[in-house]
Amino acid sequence: MSKLCRSLYRSAYLLILLIAASIDGRIRRPKVGAEGAIWIHNWCHRIVNALRIECTIKGSLPTSGAVVSNHLSYLDILLYSATTPFVMVAKKELRSWPLLGWLTAQAGTVYVQRSEDRRPGELRQEHSEVNGMMAEAYASGLPVLFFPEGTTTDGEQVLPFRRGLFHSVLNGGIPLRTAALQFQVGERDRTAIVGRDVCFVGDALFGPHIFQCLGLHELKAQIKFGGEVLQREDRFVLSQSAHAAVSELHGSLADRPKYASEIERRYEKSHWPEGLANAPERP
């Protein structure tokens, strides 16, 4: 099967599954929150299998508390949700996306407004509002996953963590664990570049990017869960300790196939969005 045919077939299959999930949700009407997260977990598991994404899990699965991870793509939420039920934290604009917005809302997703995404005249989302939504998510009894880098990267490094959501962890006395995610392409995808064809960074457009990604012969993912972050005197210490732990996990997953190494080296930092690699940590 050609790459174009794979892209067309899997894109159509994905759309059918999303529509089926939406219909199923409107029939079953799972309660928003824990029940919805468990419901969407089952659908994410089906979608990952249908798209033939091979995902390897290392470490013990979290069952409650907070979890922080590096962030590479729109696939991250799909893969994490497929491993175990999570309440997710996502950017606010996801709520308005067709199908995906409604589906993620059923899982009790907390939608956070990034300062750079705020439209002219739009009111700023208050910390008290975010902390309240996070407290409700923790009360669901499921682990709550967020991505403190605040943006996706090409996987070369873990960006400094934004500290805002760590308030809720400290305020609620919530245990915090770490995780890291990495993608690999198959041996037959010799011209593919993970940082370009799988990771969703820079000015890439969602439609063309996912169409390209779904055309890959083989896509593998590794998720590794770490332990609890114990250094948490304040949000500065907690965020820095969590960043160090996620970076260590990320480094342990950094081995790449030899056939892709030369292509990846040519890609590397020259394709980071301007200023991204040295983005300052935000308060």
Side-chain angles (χ1 to χ4, degrees), residues 3-4 6-8 10-11 14-15 18 51 53 69-80 88-101 103-104 109 111-122 124-125 145-162 164-165 180-185 189-216 219 221 243 246-247 250 254 256 260-282:
K3 184 174 183 178
L4 176 60
R6 280 194 303 275
S7 294
L8 289 170
R10 291 176 181 171
S11 296
L14 175 60
L15 180 59
L18 291 175
L51 297 181
I53 302 175
S69 170
N70 64 317
H71 195 15
L72 303 175
S73 169
Y74 43 78
L75 295 174
D76 300 358
I77 290 178
L78 174 67
L79 289 169
Y80 273 112
M88 296 289 180
V89 179
K91 59 183 181 179
K92 192 174 182 180
E93 68 181 75
L94 178 63
R95 182 64 183 89
S96 63
W97 288 16
L99 290 178
L100 291 176
L103 289 170
T104 56
T109 299
Y111 300 103
V112 177
Q113 180 190 62
R114 301 187 303 179
S115 58
E116 60 267 35
D117 292 335
R118 195 165 69 249
R119 299 172 183 174
E122 187 177 5
R124 179 179 179 179
Q125 194 174 35
L145 175 69
F146 61 97
F147 305 100
E149 290 172 291
T151 187
T152 51
T153 77
D154 67 358
E156 288 296 323
Q157 63 175 311
V158 180
L159 296 183
F161 283 175
R162 302 182 184 192
L165 291 176
L181 170 68
Q182 182 208 40
F183 291 105
Q184 290 182 351
V185 294
D189 297 299
R190 291 182 177 272
T191 61
I193 298 170
V194 170
R196 180 195 65 200
D197 300 318
V198 184
C199 299
F200 186 60
V201 296
D203 56 359
L205 299 176
F206 176 74
H209 187 275
I210 192 171
F211 189 78
Q212 171 82 6
C213 183
L214 292 177
L216 296 171
L219 179 58
H243 180 269
V246 172
S247 297
H250 175 261
R256 285 180 255 175
S261 61
E262 185 176 349
I263 297 174
E264 296 279 7
R265 281 197 302 271
R266 290 202 301 268
Y267 178 73
E268 285 186 349
K269 296 301 180 204
S270 63
H271 285 72
W272 280 79
E274 185 177 356
L276 180 60
N278 298 309
E281 183 178 0
R282 303 198 175 196

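- Every residue two or more places apart in sequence or in another chain that forms a side chain to side chain donor-acceptor pair (under 3.5 Å) with T104 is listed here: Y111.
- Under the side chain to side chain contact (heavy atoms under 4.5 Å, CB included) criterion, R6 pairs with M1, K3, R10, H217, sequence neighbours left out.
- The side chain to side chain donor-acceptor pair (under 3.5 Å) search around S73 returns none, not counting sequence neighbours.
- For L205, the side chain to side chain contact (heavy atoms under 4.5 Å, CB included) partners two or more places apart in sequence, or in a different chain, are P208.
- Under the 4.5 Å side-chain criterion, counting only non-hydrogen atoms from C-beta, L4 is in contact with F211.
- Every residue two or more places apart in sequence or in another chain that forms a ring pair (Phe, Tyr, Trp, His ring centres under 6.0 Å) with H243 is listed here: F161.
- Annotation: side chain of F183 is not in contact with side chain of C213 (no heavy-atom distance under 4.5 Å).
- For the side chain to side chain contact (heavy atoms under 4.5 Å, CB included) test, residues two or more places apart in sequence or in another chain that qualify with L99 are L15, L18, I19, S22.
- Considering CG of L145 and NE2 of H71, their distance stands at 9.0 Å, rounded to 0.5 Å.
- Separation of atoms OH (Y80) and CE (M88) is listed at 8.5 Å; rounding is to 0.5 Å.
- You'll find the side chain of D197 stays beyond 4.5 Å of the side chain of D189, heavy atoms only.
- Here the CG-NE2 distance, from L214 to H209, works out to 10.0 Å after rounding to the nearest 0.5 Å.
- The shortest distance between side-chain heavy atoms of I77 and T109 does not fall below 4.5 Å.
- In this structure the side chain of V246 never reaches within 4.5 angstrom of the side chain of S69, judged on heavy atoms.
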